[in-house]
Amino acid sequence: MNTVVVGAQWGDEGKGKLIDILSKDVDLTVRYQGGSNAGHTVIVGKERYVFHLLPSAILREGKICVIGNGVVVDPKALLEEMDGLKERGVKVTPDKLKIAVNSHVVMPYHRVLDGLREKMREHKIGTTGRGIGPCYADKVTRCGIRMVDLLNPRVFSAKLKDNLREKNEYFKKVFDQKGFAFDPIYDEYMVYSRRLKPYVCDTALYVNHAIDKKKSVLFEGAQGAFLDIDFGTYPFVTSSNTTVGGVTSGSGVAPTRIDNVIAAVKAYTTRVGEGPFPTEFDAKMDDEIRAKGKEFGATTGRARRCGWFDSVLVRYAAVTGGFDELAIMKLDVLDELKTIKLCKAYKYKGKILNDFPHDYEALCGVKPVYEEMPGWQQPIGAVREYKKLPAQARHYIERLQELVGVPVKYISIGSERDEIIVR
Ligand code: IMO
Ligand code: MG
């Protein structure tokens, strides 16, 4: 059985926790897009782990983790993550981690460009500053440097020279910055090359051969459907296909080999960075839910913007992502609320919109149409069986399921591994 887990909102849906639980029963876990902009949190007992590039399943013994070709790999960030885990007693060895030979490498100038472009924009995206956009841009422009290039000093040197020739002009003329010298980057990246070499292979062949041998694979999505470069709230998105489509091009595994798509959603909505957010709370409610849900970015520490659950968004994500099952995360954050609202449609210029509008002005101008229902006003963290949830909580889940049109399979009611209800 090969399963994909994606986020169906703006990221931070709790994919890390879900993947950690599901990875217990699979052989391989594969990241297929994004880079160190992701922040997947896993809590095991008193230990809290945040993964940026490594698949969250790296904590499980005997499981193989793959960084697919669709990921943009920052070798510095990856090695820091691996070293950090080693210090905590989790060894990352070449038999456990495989990195795609054709994945693209994040360079120092990508990180700097990310910041400079952001500074210059009038409508800021609020990127994580990890160089993700510029690295993907170079991939598409065909001047990117791949992992395989990094392993060949002659190829790496030629490509780096080419890039610096062009980019340093850009740094000077557009940003009035002096740019980068060749030697320090070359020396730094040759160290990364030596350290990462044992992990690099053709992961597309590796994963497909594993599937041939009836191994099961879990594809770990990063970010969420509305950060998707094609289907998201463009331009306030990330630079990769975060929805199911990314699996195929980002891992080399054909859609015919995917059996199940699980979408993670929060019981409410959050967003980090800029961009339209129709169901965003007012300031008081925003502070309350942020405090209860600990809604601070796992990568940048920024406060997440919070709002009610938006079924217009998730319904669209379900269509474009072909969701089979939903996982509702962080339901317990709503425990104390007297009333809870669910957005079922938008109103714009006197008309009801049931579908996500792509026009920027429409998306900024829509008014959510809410259904209000009573809260359960009691803690639910100890519940392990669906039927033992308070009636109001079951009602909320069932109405949400009806509005989105996808069955709810998992309900998370706390941050610990075992705090989950399986329906
Ligand atoms: P996980 O995997 C939430 C957001 C940034 C910004 C936009 C573009 O933890 O859900 P980028 O640095 O990717 O160019 O920034 O995307 N963003 C995320 N928001 N969770 C994430 O990952 C995100 N990764 C990027 O805040 O608005
Ligand atoms: Mg996150």
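Residue numbers run from 1 in the order of the sequence given. All figures in this text were calculated on a predicted structure; none of them were measured in a lab. Atoms within a ligand are numbered from 1 in the order they appear, just like the ligands themselves.
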With hydrogens left out, which residues have an atom under 4.0 Å from ligand 1, given that only heavy atoms count?
->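 Residues within 4.0 Å of ligand 1: Trp10, Gly11, Asp12, Lys15, Asn37, Ala38, Gly39, His40, Ile125, Gly126, Thr127, Thr128, Ala222, Gln223, Leu227, Val237, Thr238, Val272, Gly273, Arg302.
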Go through the steps for Phe231 and Phe356 under the test ring pair (Phe, Tyr, Trp, His ring centres under 6.0 Å), then give the verdict.
-> CA-CA 10 Å; Phe231 294 107; Phe356 169 71; 9.5 Å; no
Are [X] and [Y] linked by a side-chain donor-acceptor pair shorter than 3.5 Å?
| X | Y | answer |
| --- | --- | --- |
| Gln223 | Asn37 | yes |
| Asp74 | Ser36 | no |
| Thr269 | Asp310 | no |

Is there any salt bridge (charged side-chain N to carboxylate O under 4.0 Å, His left out) pair reaching into residues 253-269, and which pairs are they, with sequence neighbours excluded?
->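 Residue pairs with at least one partner in residues 253-269: Asp212-Arg257, Lys266-Glu295.
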Short N-O contact, Arg305 and Glu280, less than 4.0 angstrom |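 So Arg305 pairs with Glu280 through a salt bridge.
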Rounded distance (nearest 0.5 Å) linking atom CG of Leu28 with atom OG of Ser251 | 11.0 Å
Protein N, O or S atoms less than 2.8 Å from the Mg ion (ligand 2), ignoring waters?
->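 The answer, once waters are left aside, is Asp12 OD1, Gly39 O.
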Who passes side-chain contact (heavy atoms from CB on, under 4.5 Å) against Ala100, sequence neighbours left out?
->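 Per chain and number, Ala100 pairs via side-chain contact (heavy atoms from CB on, under 4.5 Å) with Asn69, Asn102, Ser103, Thr203.
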Step-by-step ring pair (Phe, Tyr, Trp, His ring centres under 6.0 Å) determination, Phe281 to Tyr268 | CA-CA 10 Å; Phe281 292 137; Tyr268 45 101; 7.4 Å; no
